[in-house]
S.K.: 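Let me begin by handing over the structure; questions about it come next.
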2 protein chains.
Amino acid sequence: MGAMVTRAESAALTRRALLDAAAELLDLGGPEAVTLREVGARAGVTRGAPYRHFMGKDSLLDAVATESWERIGDQMHALRADPALPASEKLRGALRALIGAGRDQPYRYQLLFKRPGHGPGERGEGIDRVMRQLCGPEGDPAAAVRASMRFQDEFLAVVAAFVGERNARHYGALLLAGAHGIADMELSGHLSEDTWRTTADELVDTLVRLVGDTGETA
Amino acid sequence: MGAMVTRAESAALTRRALLDAAAELLDLGGPEAVTLREVGARAGVTRGAPYRHFMGKDSLLDAVATESWERIGDQMHALRADPALPASEKLRGALRALIGAGRDQPYRYQLLFKRPGHGPGERGEGIDRVMRQLCGPEGDPAAAVRASMRFQDEFLAVVAAFVGERNARHYGALLLAGAHGIADMELSGHLSEDTWRTTADELVDTLVRLVGDTGETA
DNA sequence: GTATCTCAGGTGACAATGTCATCTGAACCC
DNA sequence: GGGTTCAGATGACATTGTCACCTGAGATAC
C-alpha cells in the first residue's frame with residue numbers, strides 16, 4: 001500500500017504524533033515532563049520540528065487542552081442526547097464525567113483550568129517568530145476558549161433540563177464550580193476521606209439534591 | 001542600634017528574605033518566574049545560598065505555600081472567634097475569604113492546591129543533597145499538609161456552627177469544594193459573568209442558602 | 001586568649017531545556 | 001525540467017536548577 005506520500009498528509013501525521021506524544025508525556029509527569037525534545041523524539045522528529053506545527057511549548061499544550069475540552073464536550077453532548085436518562089441522571093453523569101476525567105488524567109485535567117498566559121509568547125521576538133505568528137502554524141489561544149465554551153453550552157443544556165431555563169445559568173455555574181472544586185481538591189489531596197468522612201460521589205449526590213430541591217421550584 | 005550580629009539571627013533574616021522574595025516573584029509571574037538566582041539577588045545573596053535554607057526550589061515553594069495556609073488558617077480562626085457575627089455570616093465570610101485570597105494573589109492561591117510532587121526531590125542524589133536531607137535545612141513537605149489541616153479544622157468549626165456537628169464534615173467538604181471551585185474557575189477565566197450571568201458572591205450566597213435550608217434540618 | 005570548629009554564603013561547573021537562525025532536500029507548481 | 005515552498009535537521013545560545021568545592025567570620029572548647 002502506498003503509505004503517505006503527499007507533504008500535507010505527512011505533516012498532518014507528524015502534527016498528530018506530536019500532540020499524542022505531548023499528551024502522553026503530560027499524563028506521565030506533568031507539564032515539566034513535556035520536553036519538546038522528547039516530544040519530537042516520540043514523534044520521530046527532532047527538537048526543532050515542533051516549531052513548524054506550534055508556536056512553542058505553550059501553544060502545544062494549548063492544543064492538547066483544546067482537544068481535551070472537545071472530548072469532554074463530546075461526552076456532555078452524548079449525555080444530553082441520551083433519551084434513556086432522566087434529567088437528574090444526566091446531570092449526575094455530567095458532574096461525574098468531569099470528576100472522572102480528573103481522576104483518569106490528572107495533569108490533562110489541570111491543564112483545562114490553567115491560568116491563561118499573558119499574551120502569545122513572552123520570549124524574544126525574533127524574525128522567525130513574527131513570521132510564524134503572521135502566517136505560520138497555529139498559535140491561537142482562542143481555540144481552547146472556543147472548545148471550552150462548546151463544553152459549557154452542552155453542560156448548560158444538561159442543567160437547564162433539570163432546573164429549567166430560568167435558573168439554568170446561575171445553578172449551572174454553581175454545579176460546575178462544585179464539580180470542579182471536588183475534582184481539584186481530590187487531585188491535590190485536600191479531599192481526604194479520612195478528614196471529611198465523605199466521598200466525591202456522595203458530594204455530587206448532595207449537590208444535585210440541594211439544587212433539585214430548591215432550584216426547580218424557584 | 002546594634003544590628004544583627006549572631007549567625008543564627010543573620011541566617012533567620014536571610015531565610016525570611018528568601019521567603020518574601022519568592023512570594024513576591026510568585027505573585028508577579030507565577031512559579032516559572034521564581035528563579036533561585038533572582039530570589040537570591042532580592043534577598044541579597046547569591047544563587048547557591050538558598051540551598052542552605054531549603055532543599056531546592058520545590059521546597060522553597062512548599063514553604064511559601066505553608067505560610068499561605070497558615071495565614072488563611074489565621075483568618076478562619078479570627079472569623080470563628082468573632083462573637084459579633086452570626087453563624088451564617090461567619091460561613092459566608094469564610095467562603096469569601098478563600099475566594100478573596102485567590103483574587104488577591106492568584107499564583108499563591110493556586111500553589112495551595114497544587115498536586116504534591118512525587119517524593120522529596122527527583123533530581124540526582126549527590127552527597128551534599130543527602131547530607132541536607134539528613135540534618136540540613138527544612139525540606140518537610142508535611143509542613144504544608146499540617147498547615148492546611150489546621151485551616152481545615154478552623155473551617156470545619158465554622159461550618160459546624162452553622163449546620164451542626166452531625167453533618168459538619170459532609171457539608172464542610174461540599175462548601176469548601178464549592179468555594180475553591182468558584183475561586184479556581186474565576187482565576188482560570190471560566191466563570192465569565194457574560195456566560196453565566198452571575199457572580200462569585202451570588203454563588204456563595206446561593207451555596208450557603210441551599211446548605212442552610214436542608215442542612216440544618218437534616 | 002588562642003586554636004579549632006561550624007556553617008552561611010560564594011564560586012565554578014554541568015546538564016537540561018526553550019528558542020532561534022540557518023541550512024537542506026524533497027515534494028510541489030508551472 | 002527548473003524554480004519554489006516548506007517540513008524537518010542542525011548548530012548555537014541564554015536561562016535555570018543543581019551540585020561539589022572553597023572561604024571566611026562567628027561560635028566553641030580549652
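What you see below is based on every heavy atom in this structure, not just the backbone, and it leaves out hydrogens, waters and symmetry mates. Naming convention: chains lettered A, B, ... in sequence-line order (proteins, then strands); numbering from 1 in each chain.
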S.K.: By ring-ring contact (aromatic ring centres under 6.0 Å, His included), which residues pair with A:H170, not counting sequence neighbours?
M.R.: none

S.K.: What pairs with A:H77 under ring-ring contact (aromatic ring centres under 6.0 Å, His included), at least two apart in sequence or on another chain?
M.R.: none

S.K.: For A:V34, which contact category applies under a 4.0 Å heavy-atom criterion: base, sugar-phosphate, or nothing?
M.R.: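 Sugar-phosphate contact only.
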
S.K.: Please report, rounded to the nearest Å, how far the P atom of C:dT19 is from the CZ atom of A:F54.
M.R.: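 Spelled out: CZ on A:F54 to P on C:dT19 is 13 Å.
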
S.K.: I'd like to check the side-chain contact (heavy atoms from CB on, under 4.5 Å) partners of B:L191; sequence neighbours left out, ordered by chain and number.
M.R.: A:A173, B:I182, B:M185, B:E186, B:W196, B:L203

S.K.: It should be established whether B:T14 places a side-chain nitrogen or oxygen under 4.0 Å from OP1 or OP2 of nucleotide C:dG9.
M.R.: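 The answer is yes; a side-chain N or O of B:T14 sits under 4.0 Å from OP1 or OP2.
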
S.K.: Between atom CG in A:L36 and atom C1' in D:dG8, what is the gap in whole Å?
M.R.: 14 Å

S.K.: Separation of B:L18 atom CG from D:dG17 atom P, in whole Å?
M.R.: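 Distance check: B:L18 CG to D:dG17 P gives 13 Å.
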
S.K.: Rounded off to whole Å, could you give me the CD-to-P distance for the B:E32 and D:dG17 pair?
M.R.: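 The answer, rounded to whole Å, is 10 Å.
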
S.K.: In sequence, state the C-alpha distance, the side-chain angles, and the governing distance for A:R71 and A:R108, and then conclude on side-chain contact (heavy atoms from CB on, under 4.5 Å).
M.R.: CA-CA 12 Å; A:R71 185 149 54 109; A:R108 243 188 281 195; 3.6 Å; yes

S.K.: Under 4.0 Å, heavy atom to any atom of DNA chain D: which of residues 41-53 of chain B qualify?
M.R.: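 Under 4.0 Å from DNA chain D: B:R47, B:Y51.
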
S.K.: Write down the distance between CG (B:L25) and P (D:dT15), rounded to a whole number of angstrom.
M.R.: 16 Å

S.K.: Which whole-number value in Å describes the distance from B:L60 CG to D:dT18 P?
M.R.: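 In whole Å, D:dT18 P and B:L60 CG are 10 Å from each other.
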
S.K.: Output all residues satisfying side-chain hydrogen bond (donor to acceptor under 3.5 Å, both in side chains) with A:E202, sequence neighbours left out; order by chain, then residue number.
M.R.: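 Counting only residues at least two positions away or on another chain, A:E202 forms a side-chain hydrogen bond (donor to acceptor under 3.5 Å, both in side chains) with A:T198.
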
S.K.: Could you list the residues that satisfy ring-ring contact (aromatic ring centres under 6.0 Å, His included) with A:H180, not counting sequence neighbours?
M.R.: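 Per chain and number, A:H180 pairs via ring-ring contact (aromatic ring centres under 6.0 Å, His included) with A:Y109, A:F113.
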
S.K.: Please report, rounded to the nearest Å, how far the P atom of C:dT19 is from the CE atom of A:M55.
M.R.: 10 Å

S.K.: Applying side-chain hydrogen bond (donor to acceptor under 3.5 Å, both in side chains), can you list everything that pairs with B:D74, at least two apart in sequence or on another chain?
M.R.: B:R150

S.K.: Using nucleotides 28-30 of chain C, report all nitrogen or oxygen pairs with the protein that are shorter than 3.5 Å.
M.R.:
from, atom 1, to, atom 2, distance (Å)
C:dC28, OP1, A:R7, N, 2.7

S.K.: Find the distance A:R37:CZ to D:dA12:C1' and express it as a whole number of Å.
M.R.: 11 Å

S.K.: With a 4.5 Å cut-off on side-chain heavy atoms, are B:F151 and B:L176 touching?
M.R.: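 Result yes, sub-4.5 Å side-chain heavy-atom pair found.
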
S.K.: Using atom types as modelled, flag every donor-acceptor pair under 3.5 Å from a side chain in residues 39-51 of chain A to any protein atom, sequence neighbours excluded.
M.R.:
from, atom 1, to, atom 2, distance (Å)
A:R42, NE, A:E38, OE2, 3.0
A:R42, NH1, A:E24, OE2, 3.1

